2 protein chains.
Amino acid sequence: MSDDAPDAAIAEAVLAANQAFYDAHEARSSAAMGEVWDHADRVVCVHPGWPILRGWPVVAESWRRIFAGPGRTQFILTNLSVAVDGDVAWVTLEENLVDTGPVDATGAVAATNVFARVDGDWKLVAHHGSPIVAR
Amino acid sequence: MSDDAPDAAIAEAVLAANQAFYDAHEARSSAAMGEVWDHADRVVCVHPGWPILRGWPVVAESWRRIFAGPGRTQFILTNLSVAVDGDVAWVTLEENLVDTGPVDATGAVAATNVFARVDGDWKLVAHHGSPIVAR
């Protein structure tokens, strides 16, 4: 069955990696962010409203720029779900931003985070965030 | 190496599945769209600006609503890349929309499409699209 619930221990490990991503973001730590991602050409990142960024050096630079900018960011993560297929997992969730910076960036972002198991550790290989437009 | 280029035959099969997704969208065919997706609880879809939709019945209904709406849609796909890890692949690209409907929806969308091999066929398990904001 392709839609079996993932093994609980595996799902827990994926969700820990996912939480580490948001912890790194909240801490505005490029070092912590570097621990989260696979350092490979295959990684891709789409920040809300941004074009596609590919390859770890380009993605890393985007985080350095974001962390160098104004504001502090806190997330309340809701509506989270995880699926696992072999050595790849995809997590979807809503990032409810509480940005205390000068720009009012409060709002909800839909995020898809893809993780791959690399030498036993779940590493982020794709992040895609997009603002949810109120309807 | 985690960032080896994918096997050419596998990449070709993934890209064929990816093209079938856009062909189904352009044809506004729920039947063709149904062939593209895995019919499972694990599937997720984020249309540009929309909240997260989960599970095939909910995702299928969203396509029916989109196809029932006004306008015709053509895509020019650019900046395409594919990565494969076991039985999962992720494709990223820009969808350059040429919407001839009453609403001016011309613009570029960054898309992440995740495929999983199900009984030998690559099926779409996650689609996330977000408008690229000109800067």
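Reminder, nothing fancy here: chain letters follow the sequence lines and each chain counts from 1. Keep in mind that this is a model prediction, so the values were computed, not measured.
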Closest heavy-atom pair and its distance - A/A110, B/I52 | CB-CG1, 3.9 Å
Ordered numerically, the heavy-atom neighbours of chain A under 4.5 Å found in residues 30-37 of chain B are none
Nearest 0.5 Å, what's the OG1-CZ distance between B/T92 and A/R42?
-> 13.0 Å
Should we say atom CD of A/E12 is surrounded by more than 12 heavy atoms from elsewhere, each under 6.0 Å from it?
-> no
Determine which pairs satisfy ring-ring contact (aromatic ring centres under 6.0 Å, His included) with at least one residue from residues 68-98 of chain B, sequence neighbours left out, and list them in order.
-> B/Y22-B/F75, B/H25-B/F75
Heavy-atom pairs under 4.5 Å with chain A are the metric here; pick the option from B/L93, B/V114, B/D87 that has the most.
-> B/L93
Under 4.5 Å from any heavy atom of chain A - which part of B/V125 = both
B/D85/A/R117 ion pair, N-O < 4.0 Å = no
Taking C-beta and beyond as the side chain, do A/V46 and B/S130 meet within less than 4.5 Å on heavy atoms?
-> yes
Whatever's closer than 4.5 Å to a heavy atom in chain A on B/A83 counts as side chain
Using the side-chain contact (heavy atoms from CB on, under 4.5 Å) rule, take A/R54 and B/N79 through it: C-alpha gap first, then chi angles, then the decisive distance, then the call.
-> CA-CA 10 Å; A/R54 292 208 186 93; B/N79 194 15; 2.9 Å; yes
